[in-house]
Amino acid sequence: MWKILLVEDEPFVRRSVRNAIPWEEHGFMIAGEASHGREALEKISELEPDIVISDIFMPYMDGIELLRTARARGSEARFIMLTCAGEFEYARAALEHGASGYILKLSMEDEQLLASLAKAKAELDRNARRQERMQWDSIGGRLGYLWRDMLGKELSAYEREKLEELQRYEWSGSRLTIATALSGAQPFSCDHLCALLGVPPGQSLLVHSFAHMGQTTLFVRWDGIPPAETFKVADRKLPVICRSAGGEDLRRAWEANLRWLDRFYYDRQTVAEAGGEEAWGPSVPWELEQPVIRAFERHATDECAELLASLWAFMAERTLPMAVAKETAERLDKMFARIGRKTPEDAAELMACVRHGELLELVVRRMRRYAKGSGRQVPVDTDHPEINAILRYLQQHFDTEISLQAMAQHVNMDENYLSSLFKRKTGDTFINYLQKLRVEEAKFYLEETDLAVAEIAERCGFANPSYFFKIFKRLAGVTPNEFRTAQRSDAQGLRRAQTDGSACFSTKSRLSLD
(Lines give C-alpha, C1' and ligand atoms only; values in the text may rest on other atoms or scores of the structure.)
Protein backbone atom coordinates (compact mmCIF):
# COMPACT_ATOMS: atom_id res chain seq x y z
CA MET A 1 0.00 0.00 0.00
CA TRP A 2 1.62 3.26 -1.19
CA LYS A 3 1.25 6.24 1.23
CA ILE A 4 0.02 9.61 -0.09
CA LEU A 5 0.41 13.08 1.41
CA LEU A 6 -2.18 15.59 0.15
CA VAL A 7 -0.98 19.23 0.20
CA GLU A 8 -3.50 21.95 -0.71
CA ASP A 9 -4.38 25.27 0.93
CA GLU A 10 -8.03 25.15 -0.15
CA PRO A 11 -10.04 22.72 2.06
CA PHE A 12 -12.63 22.22 -0.67
CA VAL A 13 -10.02 21.03 -3.16
CA ARG A 14 -8.45 18.73 -0.56
CA ARG A 15 -11.85 17.22 0.16
CA SER A 16 -12.59 16.80 -3.53
CA VAL A 17 -9.32 14.98 -4.18
CA ARG A 18 -9.72 12.84 -1.05
CA ASN A 19 -13.20 11.71 -2.14
CA ALA A 20 -12.40 11.36 -5.84
CA ILE A 21 -11.51 7.66 -5.97
CA PRO A 22 -11.50 4.56 -3.72
CA TRP A 23 -7.81 4.80 -2.87
CA GLU A 24 -7.29 1.44 -1.20
CA GLU A 25 -8.83 -0.42 -4.12
CA HIS A 26 -6.01 0.97 -6.27
CA GLY A 27 -3.22 0.26 -3.78
CA PHE A 28 -3.01 3.69 -2.11
CA MET A 29 -3.88 5.29 1.22
CA ILE A 30 -4.12 8.96 2.26
CA ALA A 31 -1.56 9.04 5.09
CA GLY A 32 -1.85 12.75 5.87
CA GLU A 33 -2.81 16.24 4.73
CA ALA A 34 -1.17 19.69 4.88
CA SER A 35 -2.40 23.18 4.05
CA HIS A 36 0.91 24.72 2.96
CA GLY A 37 4.51 23.84 2.10
CA ARG A 38 6.07 24.33 5.53
CA GLU A 39 3.56 22.03 7.15
CA ALA A 40 4.06 19.56 4.31
CA LEU A 41 7.81 19.43 4.94
CA GLU A 42 7.17 18.40 8.53
CA LYS A 43 4.67 15.77 7.36
CA ILE A 44 7.13 14.40 4.79
CA SER A 45 9.74 13.98 7.52
CA GLU A 46 7.20 12.39 9.87
CA LEU A 47 5.21 10.15 7.49
CA GLU A 48 7.77 9.42 4.74
CA PRO A 49 5.07 9.32 2.05
CA ASP A 50 5.63 7.59 -1.29
CA ILE A 51 3.59 10.13 -3.26
CA VAL A 52 2.91 13.82 -2.62
CA ILE A 53 -0.05 15.44 -4.38
CA SER A 54 0.61 19.18 -4.01
CA ASP A 55 -0.79 22.48 -5.22
CA ILE A 56 1.75 24.76 -6.87
CA PHE A 57 0.57 28.10 -5.40
CA MET A 58 0.31 28.04 -1.58
CA PRO A 59 1.16 30.45 1.27
CA TYR A 60 4.49 30.32 3.15
CA MET A 61 6.09 27.87 0.69
CA ASP A 62 4.83 27.02 -2.81
CA GLY A 63 4.79 23.56 -4.35
CA ILE A 64 7.96 24.00 -6.42
CA GLU A 65 9.97 25.12 -3.38
CA LEU A 66 8.47 22.23 -1.42
CA LEU A 67 9.60 19.79 -4.11
CA ARG A 68 13.09 21.31 -4.29
CA THR A 69 13.54 21.32 -0.49
CA ALA A 70 12.18 17.79 -0.05
CA ARG A 71 14.65 16.49 -2.64
CA ALA A 72 17.51 18.32 -0.93
CA ARG A 73 16.56 16.59 2.34
CA GLY A 74 16.69 13.16 0.69
CA SER A 75 13.01 12.45 0.06
CA GLU A 76 12.40 10.13 -2.91
CA ALA A 77 8.61 10.65 -2.93
CA ARG A 78 6.92 11.07 -6.33
CA PHE A 79 5.29 14.51 -6.74
CA ILE A 80 2.06 15.14 -8.65
CA MET A 81 1.40 18.86 -8.97
CA LEU A 82 -2.07 20.51 -8.98
CA THR A 83 -2.25 23.68 -11.05
CA CYS A 84 -4.68 26.14 -12.58
CA ALA A 85 -5.07 27.21 -16.20
CA GLY A 86 -2.40 29.73 -17.17
CA GLU A 87 0.16 28.32 -14.75
CA PHE A 88 1.77 25.96 -17.27
CA GLU A 89 5.16 27.67 -16.96
CA TYR A 90 5.17 26.75 -13.26
CA ALA A 91 4.07 23.20 -14.08
CA ARG A 92 6.98 22.94 -16.53
CA ALA A 93 9.36 24.12 -13.81
CA ALA A 94 7.96 21.46 -11.47
CA LEU A 95 8.63 18.76 -14.09
CA GLU A 96 12.20 20.01 -14.48
CA HIS A 97 12.69 19.51 -10.73
CA GLY A 98 11.51 15.91 -10.91
CA ALA A 99 7.73 15.98 -10.56
CA SER A 100 6.02 12.93 -12.05
CA GLY A 101 3.24 15.00 -13.62
CA TYR A 102 0.65 17.72 -13.15
CA ILE A 103 -3.16 17.96 -13.23
CA LEU A 104 -5.45 20.94 -13.88
CA LYS A 105 -7.56 21.41 -10.76
CA LEU A 106 -10.67 22.81 -12.40
CA SER A 107 -10.96 20.12 -15.07
CA MET A 108 -9.56 17.23 -13.05
CA GLU A 109 -11.30 13.91 -13.69
CA ASP A 110 -10.90 10.59 -11.91
CA GLU A 111 -9.23 9.05 -14.96
CA GLN A 112 -6.59 11.80 -15.03
CA LEU A 113 -5.83 11.35 -11.36
CA LEU A 114 -5.62 7.57 -11.72
CA ALA A 115 -3.35 7.91 -14.76
CA SER A 116 -0.97 10.21 -12.86
CA LEU A 117 -1.02 7.89 -9.87
CA ALA A 118 -0.32 4.89 -12.11
CA LYS A 119 2.70 6.66 -13.59
CA ALA A 120 4.03 7.55 -10.11
CA LYS A 121 3.36 4.00 -8.92
CA ALA A 122 5.31 2.57 -11.88
CA GLU A 123 8.26 4.80 -10.99
CA LEU A 124 8.06 3.68 -7.36
CA ASP A 125 7.88 0.01 -8.40
CA ARG A 126 10.94 0.36 -10.63
CA ASN A 127 12.87 2.14 -7.91
CA ALA A 128 11.84 -0.46 -5.31
CA ARG A 129 12.95 -3.31 -7.56
CA ARG A 130 16.26 -1.59 -8.23
CA GLN A 131 16.85 -0.96 -4.52
CA GLU A 132 15.87 -4.51 -3.68
CA ARG A 133 18.18 -5.92 -6.35
CA MET A 134 21.05 -3.82 -5.01
CA GLN A 135 20.35 -5.06 -1.47
CA TRP A 136 20.25 -8.71 -2.53
CA ASP A 137 23.37 -8.26 -4.67
CA SER A 138 25.21 -6.85 -1.68
CA ILE A 139 24.15 -9.90 0.32
CA GLY A 140 25.30 -12.26 -2.41
CA GLY A 141 28.68 -10.58 -2.58
CA ARG A 142 29.26 -11.34 1.11
CA LEU A 143 28.28 -15.02 1.12
CA GLY A 144 31.77 -16.06 0.05
CA TYR A 145 33.13 -14.57 3.27
CA LEU A 146 30.54 -16.54 5.24
CA TRP A 147 31.68 -19.74 3.49
CA ARG A 148 35.32 -19.08 4.41
CA ASP A 149 34.37 -18.25 7.98
CA MET A 150 32.35 -21.47 8.30
CA LEU A 151 35.47 -23.41 7.33
CA GLY A 152 37.57 -21.60 9.93
CA LYS A 153 39.60 -19.58 7.43
CA GLU A 154 41.46 -16.44 8.39
CA LEU A 155 39.58 -13.38 7.15
CA SER A 156 41.19 -10.06 6.40
CA ALA A 157 39.92 -6.97 8.18
CA TYR A 158 37.99 -6.02 5.03
CA GLU A 159 36.41 -9.48 4.72
CA ARG A 160 35.49 -9.52 8.41
CA GLU A 161 33.85 -6.09 8.04
CA LYS A 162 31.79 -7.26 5.05
CA LEU A 163 30.73 -10.39 6.92
CA GLU A 164 29.59 -8.28 9.86
CA GLU A 165 27.57 -6.14 7.43
CA LEU A 166 25.78 -9.29 6.30
CA GLN A 167 25.02 -10.22 9.90
CA ARG A 168 23.73 -6.70 10.63
CA TYR A 169 21.55 -6.60 7.54
CA GLU A 170 17.91 -5.66 8.26
CA TRP A 171 15.90 -8.52 6.80
CA SER A 172 12.53 -7.05 7.83
CA GLY A 173 10.96 -10.49 8.03
CA SER A 174 12.24 -11.58 4.60
CA ARG A 175 13.26 -15.19 4.24
CA LEU A 176 15.28 -16.99 1.61
CA THR A 177 15.19 -20.54 0.40
CA ILE A 178 18.71 -21.94 0.70
CA ALA A 179 18.92 -24.86 -1.75
CA THR A 180 22.14 -26.87 -1.77
CA ALA A 181 22.91 -29.66 -4.23
CA LEU A 182 25.81 -32.11 -4.37
CA SER A 183 26.17 -31.17 -8.00
CA GLY A 184 29.76 -32.14 -8.82
CA ALA A 185 30.39 -31.00 -12.38
CA GLN A 186 26.64 -30.81 -13.16
CA PRO A 187 24.90 -27.44 -13.41
CA PHE A 188 22.20 -26.73 -10.84
CA SER A 189 20.04 -23.72 -11.65
CA CYS A 190 17.08 -21.87 -10.23
CA ASP A 191 14.88 -23.34 -12.98
CA HIS A 192 15.98 -26.82 -11.89
CA LEU A 193 15.03 -25.97 -8.30
CA CYS A 194 11.63 -24.63 -9.34
CA ALA A 195 10.98 -27.85 -11.26
CA LEU A 196 11.82 -29.93 -8.16
CA LEU A 197 9.52 -27.82 -5.98
CA GLY A 198 6.72 -27.63 -8.55
CA VAL A 199 6.88 -23.84 -8.55
CA PRO A 200 6.59 -21.70 -11.74
CA PRO A 201 10.02 -20.16 -12.51
CA GLY A 202 8.55 -16.65 -12.69
CA GLN A 203 7.83 -16.67 -8.95
CA SER A 204 11.49 -16.98 -7.96
CA LEU A 205 14.27 -14.44 -7.78
CA LEU A 206 17.81 -15.80 -7.65
CA VAL A 207 19.65 -13.70 -5.09
CA HIS A 208 22.96 -15.51 -5.46
CA SER A 209 24.44 -18.78 -6.69
CA PHE A 210 27.49 -20.12 -4.88
CA ALA A 211 29.18 -23.06 -6.63
CA HIS A 212 32.32 -24.35 -4.97
CA MET A 213 33.99 -27.70 -4.34
CA GLY A 214 31.34 -29.78 -6.06
CA GLN A 215 28.35 -28.25 -4.29
CA THR A 216 26.02 -25.53 -5.56
CA THR A 217 23.97 -23.40 -3.18
CA LEU A 218 21.17 -21.22 -4.48
CA PHE A 219 19.83 -18.38 -2.35
CA VAL A 220 16.34 -17.77 -3.67
CA ARG A 221 13.60 -15.30 -2.81
CA TRP A 222 9.97 -15.89 -3.78
CA ASP A 223 7.36 -13.39 -4.97
CA GLY A 224 4.58 -15.47 -3.45
CA ILE A 225 4.47 -17.78 -0.46
CA PRO A 226 7.81 -19.63 -0.12
CA PRO A 227 7.88 -23.43 -0.27
CA ALA A 228 7.99 -25.62 2.82
CA GLU A 229 10.61 -24.89 5.47
CA THR A 230 12.68 -27.97 4.61
CA PHE A 231 12.56 -29.99 1.40
CA LYS A 232 14.87 -32.91 0.61
CA VAL A 233 15.49 -34.81 -2.61
CA ALA A 234 17.50 -37.89 -1.64
CA ASP A 235 18.52 -38.71 -5.20
CA ARG A 236 21.99 -40.20 -5.07
CA LYS A 237 22.79 -38.79 -8.51
CA LEU A 238 21.86 -35.26 -7.48
CA PRO A 239 20.83 -34.94 -3.82
CA VAL A 240 19.26 -31.56 -3.01
CA ILE A 241 18.14 -30.00 0.26
CA CYS A 242 16.25 -26.74 0.75
CA ARG A 243 15.68 -24.73 3.91
CA SER A 244 13.94 -21.47 4.59
CA ALA A 245 16.08 -19.03 6.55
CA GLY A 246 16.38 -15.37 7.47
CA GLY A 247 19.43 -13.34 8.41
CA GLU A 248 19.60 -14.58 11.99
CA ASP A 249 19.93 -18.26 11.00
CA LEU A 250 21.45 -18.05 7.52
CA ARG A 251 24.74 -19.59 8.64
CA ARG A 252 23.07 -22.36 10.64
CA ALA A 253 20.82 -23.33 7.73
CA TRP A 254 23.66 -23.38 5.18
CA GLU A 255 25.87 -25.47 7.46
CA ALA A 256 23.00 -27.89 8.08
CA ASN A 257 22.46 -28.26 4.33
CA LEU A 258 26.12 -29.06 3.77
CA ARG A 259 26.21 -31.57 6.61
CA TRP A 260 23.14 -33.34 5.22
CA LEU A 261 24.88 -33.66 1.85
CA ASP A 262 27.94 -35.17 3.57
CA ARG A 263 25.94 -38.38 4.08
CA PHE A 264 25.94 -38.85 0.31
CA TYR A 265 29.57 -37.81 -0.08
CA TYR A 266 30.61 -40.45 2.48
CA ASP A 267 28.06 -43.01 1.23
CA ARG A 268 26.42 -43.17 4.65
CA GLN A 269 22.83 -43.52 5.77
CA THR A 270 23.08 -41.02 8.61
CA VAL A 271 25.19 -37.95 9.18
CA ALA A 272 24.64 -35.28 11.85
CA GLU A 273 22.64 -32.36 10.54
CA ALA A 274 25.09 -29.78 11.86
CA GLY A 275 28.78 -30.19 12.44
CA GLY A 276 30.36 -29.10 15.68
CA GLU A 277 33.23 -26.70 15.99
CA GLU A 278 35.78 -29.49 15.77
CA ALA A 279 34.25 -30.88 12.58
CA TRP A 280 34.48 -27.50 10.89
CA GLY A 281 38.21 -27.13 11.52
CA PRO A 282 40.35 -25.64 8.74
CA SER A 283 42.39 -28.77 7.92
CA VAL A 284 43.42 -32.25 8.95
CA PRO A 285 46.33 -32.56 11.41
CA TRP A 286 49.78 -32.00 9.97
CA GLU A 287 51.11 -35.12 11.63
CA LEU A 288 48.82 -37.14 9.35
CA GLU A 289 49.82 -35.31 6.17
CA GLN A 290 53.55 -35.27 6.85
CA PRO A 291 54.13 -39.05 6.45
CA VAL A 292 52.26 -38.95 3.13
CA ILE A 293 54.57 -36.26 1.79
CA ARG A 294 57.69 -37.95 3.14
CA ALA A 295 56.74 -41.23 1.47
CA PHE A 296 56.27 -39.43 -1.85
CA GLU A 297 59.66 -37.72 -1.44
CA ARG A 298 61.26 -41.18 -1.07
CA HIS A 299 59.44 -42.35 -4.23
CA ALA A 300 57.60 -44.91 -2.10
CA THR A 301 54.37 -44.54 -4.07
CA ASP A 302 52.75 -47.72 -2.72
CA GLU A 303 53.41 -46.61 0.84
CA CYS A 304 52.17 -43.13 -0.07
CA ALA A 305 48.93 -44.64 -1.42
CA GLU A 306 48.43 -46.64 1.81
CA LEU A 307 49.01 -43.54 3.93
CA LEU A 308 46.53 -41.60 1.78
CA ALA A 309 43.96 -44.34 2.39
CA SER A 310 44.57 -44.05 6.14
CA LEU A 311 44.20 -40.29 5.94
CA TRP A 312 40.93 -40.66 4.01
CA ALA A 313 39.69 -43.15 6.61
CA PHE A 314 40.48 -40.58 9.33
CA MET A 315 38.33 -37.97 7.57
CA ALA A 316 35.50 -40.44 6.99
CA GLU A 317 35.55 -41.68 10.58
CA ARG A 318 35.11 -38.13 11.86
CA THR A 319 32.77 -37.13 9.04
CA LEU A 320 34.82 -34.04 8.27
CA PRO A 321 32.98 -31.72 5.88
CA MET A 322 33.42 -32.47 2.21
CA ALA A 323 35.04 -29.07 1.73
CA VAL A 324 37.78 -29.95 4.23
CA ALA A 325 38.41 -33.28 2.46
CA LYS A 326 38.70 -31.56 -0.91
CA GLU A 327 40.96 -28.83 0.43
CA THR A 328 43.22 -31.59 1.77
CA ALA A 329 43.18 -33.34 -1.60
CA GLU A 330 44.02 -30.14 -3.47
CA ARG A 331 46.80 -29.21 -1.06
CA LEU A 332 48.44 -32.65 -1.30
CA ASP A 333 48.02 -32.67 -5.07
CA LYS A 334 49.89 -29.38 -5.39
CA MET A 335 52.58 -30.66 -3.06
CA PHE A 336 53.04 -33.85 -5.11
CA ALA A 337 53.32 -31.77 -8.29
CA ARG A 338 55.84 -29.43 -6.71
CA ILE A 339 58.02 -32.22 -5.33
CA GLY A 340 57.81 -34.13 -8.61
CA ARG A 341 58.65 -30.96 -10.55
CA LYS A 342 55.49 -31.26 -12.63
CA THR A 343 52.77 -28.81 -13.60
CA PRO A 344 49.77 -29.33 -11.32
CA GLU A 345 46.81 -30.87 -13.07
CA ASP A 346 43.44 -29.11 -13.10
CA ALA A 347 42.03 -28.87 -9.58
CA ALA A 348 38.48 -28.76 -10.98
CA GLU A 349 38.65 -32.53 -11.46
CA LEU A 350 39.19 -32.95 -7.72
CA MET A 351 36.45 -30.49 -6.83
CA ALA A 352 33.93 -32.31 -9.05
CA CYS A 353 34.17 -35.57 -7.09
CA VAL A 354 30.93 -36.34 -5.27
CA ARG A 355 32.11 -39.42 -3.32
CA HIS A 356 34.91 -39.69 -0.77
CA GLY A 357 36.24 -42.92 -2.26
CA GLU A 358 36.19 -41.45 -5.75
CA LEU A 359 38.30 -38.52 -4.54
CA LEU A 360 40.85 -40.88 -2.97
CA GLU A 361 41.18 -42.90 -6.18
CA LEU A 362 41.74 -39.73 -8.19
CA VAL A 363 44.36 -38.36 -5.77
CA VAL A 364 46.27 -41.67 -5.83
CA ARG A 365 46.23 -41.81 -9.64
CA ARG A 366 47.49 -38.27 -9.93
CA MET A 367 50.11 -38.89 -7.23
CA ARG A 368 51.51 -41.80 -9.25
CA ARG A 369 51.61 -39.67 -12.40
CA TYR A 370 53.48 -36.91 -10.60
CA ALA A 371 55.98 -39.49 -9.31
CA LYS A 372 56.87 -40.81 -12.77
CA GLY A 373 60.29 -39.65 -13.91
CA SER A 374 60.73 -37.23 -11.01
CA GLY A 375 64.15 -37.31 -9.43
CA ARG A 376 64.18 -36.06 -5.89
CA GLN A 377 67.97 -36.07 -5.63
CA VAL A 378 69.17 -32.55 -4.98
CA PRO A 379 71.76 -31.53 -7.59
CA VAL A 380 75.31 -31.47 -6.20
CA ASP A 381 76.00 -27.83 -5.50
CA THR A 382 79.44 -28.18 -3.95
CA ASP A 383 82.59 -30.22 -4.44
CA HIS A 384 82.39 -31.69 -0.94
CA PRO A 385 80.39 -34.94 -0.48
CA GLU A 386 79.67 -34.42 3.24
CA ILE A 387 78.25 -30.96 2.58
CA ASN A 388 76.15 -32.37 -0.26
CA ALA A 389 74.84 -35.06 2.11
CA ILE A 390 73.83 -32.35 4.59
CA LEU A 391 72.12 -30.34 1.84
CA ARG A 392 70.11 -33.40 0.79
CA TYR A 393 69.18 -34.05 4.43
CA LEU A 394 68.03 -30.45 4.91
CA GLN A 395 65.97 -30.65 1.73
CA GLN A 396 64.18 -33.71 3.09
CA HIS A 397 63.85 -32.77 6.77
CA PHE A 398 63.75 -28.95 6.92
CA ASP A 399 60.43 -29.12 8.80
CA THR A 400 61.93 -31.02 11.74
CA GLU A 401 64.17 -29.79 14.53
CA ILE A 402 67.69 -29.67 13.06
CA SER A 403 70.88 -28.43 14.69
CA LEU A 404 74.45 -28.01 13.48
CA GLN A 405 75.53 -30.41 16.20
CA ALA A 406 73.17 -33.09 14.88
CA MET A 407 74.47 -32.57 11.34
CA ALA A 408 78.06 -32.85 12.55
CA GLN A 409 77.20 -36.23 14.06
CA HIS A 410 75.34 -37.16 10.85
CA VAL A 411 78.52 -36.74 8.74
CA ASN A 412 80.96 -37.56 11.58
CA MET A 413 82.65 -34.15 11.67
CA ASP A 414 83.69 -31.68 14.31
CA GLU A 415 80.95 -29.11 14.84
CA ASN A 416 83.24 -26.05 14.60
CA TYR A 417 84.98 -27.40 11.54
CA LEU A 418 81.64 -28.19 9.87
CA SER A 419 80.41 -24.66 10.53
CA SER A 420 83.43 -23.16 8.81
CA LEU A 421 83.35 -25.68 5.95
CA PHE A 422 79.62 -25.18 5.31
CA LYS A 423 80.11 -21.42 5.03
CA ARG A 424 83.01 -21.85 2.57
CA LYS A 425 81.19 -24.33 0.35
CA THR A 426 77.73 -22.72 0.28
CA GLY A 427 78.50 -19.07 0.90
CA ASP A 428 76.03 -19.06 3.78
CA THR A 429 75.92 -20.04 7.43
CA PHE A 430 74.22 -23.30 8.33
CA ILE A 431 71.34 -21.65 10.21
CA ASN A 432 70.76 -19.00 7.54
CA TYR A 433 70.70 -21.63 4.80
CA LEU A 434 68.12 -23.63 6.76
CA GLN A 435 66.00 -20.57 7.44
CA LYS A 436 65.99 -19.64 3.75
CA LEU A 437 64.90 -23.15 2.87
CA ARG A 438 62.04 -22.96 5.37
CA VAL A 439 60.96 -19.49 4.24
CA GLU A 440 60.87 -20.62 0.59
CA GLU A 441 58.62 -23.50 1.62
CA ALA A 442 56.44 -21.09 3.60
CA LYS A 443 56.05 -18.91 0.50
CA PHE A 444 54.58 -21.90 -1.33
CA TYR A 445 52.00 -22.46 1.39
CA LEU A 446 51.14 -18.75 1.53
CA GLU A 447 50.65 -18.59 -2.25
CA GLU A 448 48.85 -21.88 -2.80
CA THR A 449 46.82 -22.56 0.37
CA ASP A 450 44.53 -20.86 2.86
CA LEU A 451 46.28 -22.40 5.85
CA ALA A 452 46.64 -20.18 8.90
CA VAL A 453 50.05 -18.55 9.24
CA ALA A 454 50.64 -20.30 12.57
CA GLU A 455 50.07 -23.69 10.93
CA ILE A 456 52.37 -22.81 8.04
CA ALA A 457 55.06 -21.91 10.56
CA GLU A 458 54.70 -25.34 12.17
CA ARG A 459 54.76 -27.15 8.85
CA CYS A 460 57.94 -25.40 7.83
CA GLY A 461 59.82 -26.23 11.02
CA PHE A 462 59.67 -22.96 12.93
CA ALA A 463 59.47 -23.27 16.70
CA ASN A 464 56.69 -20.68 17.10
CA PRO A 465 54.76 -18.15 14.97
CA SER A 466 56.54 -15.11 16.43
CA TYR A 467 59.94 -16.46 15.43
CA PHE A 468 58.54 -17.31 11.99
CA PHE A 469 57.25 -13.74 11.54
CA LYS A 470 60.65 -12.34 12.50
CA ILE A 471 62.67 -14.57 10.16
CA PHE A 472 60.21 -14.26 7.26
CA LYS A 473 60.22 -10.44 7.50
CA ARG A 474 64.03 -10.39 7.59
CA LEU A 475 64.46 -12.62 4.54
CA ALA A 476 61.43 -11.67 2.45
CA GLY A 477 61.19 -7.98 3.39
CA VAL A 478 57.48 -8.29 4.22
CA THR A 479 55.36 -10.12 6.77
CA PRO A 480 53.75 -13.45 5.80
CA ASN A 481 50.31 -11.82 5.56
CA GLU A 482 51.66 -9.00 3.40
CA PHE A 483 53.35 -11.54 1.13
CA ARG A 484 50.11 -13.55 0.76
CA THR A 485 48.09 -10.43 0.00
CA ALA A 486 50.61 -9.20 -2.59
CA GLN A 487 50.80 -12.57 -4.34
CA ARG A 488 47.04 -12.87 -4.60
CA SER A 489 46.75 -9.31 -5.84
CA ASP A 490 49.35 -10.04 -8.53
CA ALA A 491 47.53 -13.23 -9.51
CA GLN A 492 44.23 -11.37 -9.82
CA GLY A 493 45.92 -8.70 -11.92
CA LEU A 494 47.38 -11.36 -14.21
CA ARG A 495 43.99 -13.02 -14.62
CA ARG A 496 42.40 -9.67 -15.45
CA ALA A 497 45.14 -8.97 -17.99
CA GLN A 498 44.64 -12.37 -19.56
CA THR A 499 40.88 -11.81 -19.68
CA ASP A 500 41.33 -8.36 -21.22
CA GLY A 501 43.79 -9.82 -23.72
CA SER A 502 41.37 -12.57 -24.65
CA ALA A 503 38.59 -10.06 -25.07
CA CYS A 504 40.82 -7.88 -27.23
CA PHE A 505 41.86 -10.87 -29.35
CA SER A 506 38.22 -11.90 -29.69
CA THR A 507 37.25 -8.40 -30.84
CA LYS A 508 40.08 -8.29 -33.36
CA SER A 509 39.06 -11.70 -34.64
CA ARG A 510 35.49 -10.56 -35.15
CA LEU A 511 36.66 -7.44 -36.93
CA SER A 512 38.87 -9.47 -39.23
CA LEU A 513 35.97 -11.81 -39.99
CA ASP A 514 33.73 -8.85 -40.68
Side-chain angles (χ1 to χ4, degrees), residues 133-171 176 178 180 206-219 245-259 274-284 320-328 330-331 334 347 351 442-459 465 468-469 472-473 476 478-496 499:
R133 184 71 257 181
M134 290 173 60
Q135 289 176 341
W136 291 122
D137 285 346
S138 69
I139 291 173
R142 289 156 173 77
L143 292 172
Y145 307 136
L146 178 56
W147 168 271
R148 286 170 49 78
D149 191 56
M150 287 194 304
L151 289 179
K153 302 302 180 185
E154 287 184 326
L155 300 184
S156 66
Y158 173 81
E159 292 171 333
R160 181 62 61 184
E161 178 185 350
K162 293 302 178 183
L163 180 58
E164 291 173 355
E165 288 177 3
L166 174 63
Q167 295 167 343
R168 292 195 303 266
Y169 180 77
E170 294 292 339
W171 293 78
L176 299 175
I178 303 175
T180 309
L206 180 63
V207 174
H208 192 67
S209 176
F210 187 89
H212 193 47
M213 293 189 172
Q215 63 81 31
T216 302
T217 300
L218 306 178
F219 298 84
E248 68 283 354
D249 54 1
L250 185 67
R251 178 187 185 125
R252 180 200 59 77
W254 194 3
E255 283 184 350
N257 278 8
L258 294 171
R259 295 305 282 154
E277 185 175 342
E278 179 180 342
W280 283 88
S283 63
V284 300
L320 294 188
M322 180 185 68
V324 173
K326 290 188 174 181
E327 279 190 338
T328 302
E330 183 181 18
R331 184 167 58 248
K334 288 180 178 179
M351 299 300 108
K443 288 180 179 179
F444 166 77
Y445 279 114
L446 290 166
E447 289 182 45
E448 302 293 345
T449 78
D450 289 323
L451 290 174
V453 173
E455 185 168 352
I456 292 174
E458 179 186 354
R459 291 187 174 213
F468 170 56
F469 268 84
F472 192 97
K473 178 70 181 293
V478 293
T479 67
N481 286 323
E482 289 171 344
F483 178 85
R484 172 176 271 170
T485 300
Q487 292 301 312
R488 293 185 175 179
S489 176
D490 291 345
Q492 291 172 356
L494 178 59
R495 285 195 294 271
R496 283 196 298 270
T499 301

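Note: Q487 CD to L446 CG = 9.0 Å, rounded to the nearest 0.5 Å. In this structure, CD in E447 is found 10.0 Å from CZ in R484, a value given to the nearest 0.5 Å. We find the CD-CG distance between E255 and L250 to be 10.0 Å, quoted to the nearest 0.5 Å. Taken to the nearest 0.5 Å, the CD atom of E154 stands 9.0 Å off from the CZ atom of R148.
Note: H212 and F210 have perpendicular aromatic rings, judged against thresholds of 30 and 60 degrees for the angle between ring planes. The aromatic rings of Y158 and Y145 sit perpendicular to each other, their planes meeting at more than 60°, with 30° as the lower class boundary.
Judged by distance alone, with hydrogens and angles left aside, the side-chain atoms of R251 form no donor-acceptor pair with the main-chain N or O of L146 at under 3.5 Å. D149 places no side-chain N or O within donor-acceptor distance of the main-chain N or O of L155, the cut-off being under 3.5 Å.
Annotation: side chain to side chain contact (heavy atoms under 4.5 Å, CB included) contacts of T485 (sequence neighbours excluded): none. Taking T217 as the reference, T180, Q215, W254 meet the side chain to side chain donor-acceptor pair (under 3.5 Å) condition, with sequence neighbours excluded. Not counting sequence neighbours, the partners of F483 by the ring pair (Phe, Tyr, Trp, His ring centres under 6.0 Å) test are F472. Not counting sequence neighbours, K326 has no partner by the side chain to side chain donor-acceptor pair (under 3.5 Å) test. Residues satisfying the side chain to side chain contact (heavy atoms under 4.5 Å, CB included) criterion with E458, sequence neighbours excluded, are W286.
The pair E455-R459 meets the salt-bridge criterion, with a side-chain N (NZ, NE, NH1 or NH2) lying under 4.0 Å from an Asp/Glu carboxylate O.
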Under the side-chain contact (heavy atoms from CB on, under 4.5 Å) rule, what do R331 and L451 come out as? Steps first, then yes or no, please.
-> CA-CA 10 Å; R331 184 167 58 248; L451 290 174; 3.8 Å; yes
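Taking both residues in full, the closest heavy atoms of P465 and A457 are given as CA-CB, 4.3 Å, listed atom of the first, atom of the second, then distance. Closest approach of E330 and A347 over heavy atoms only: OE2-CB, 3.7 Å. Nearest approach of K443 to A476, heavy atoms of both residues: CE-CB, 4.1 Å. The heavy-atom pair separating L218 from S209 by the smallest distance is CD2-OG, 3.5 Å.
The side-chain heavy atoms of L258 and W147, taken from C-beta on, include a pair separated by under 4.5 Å.
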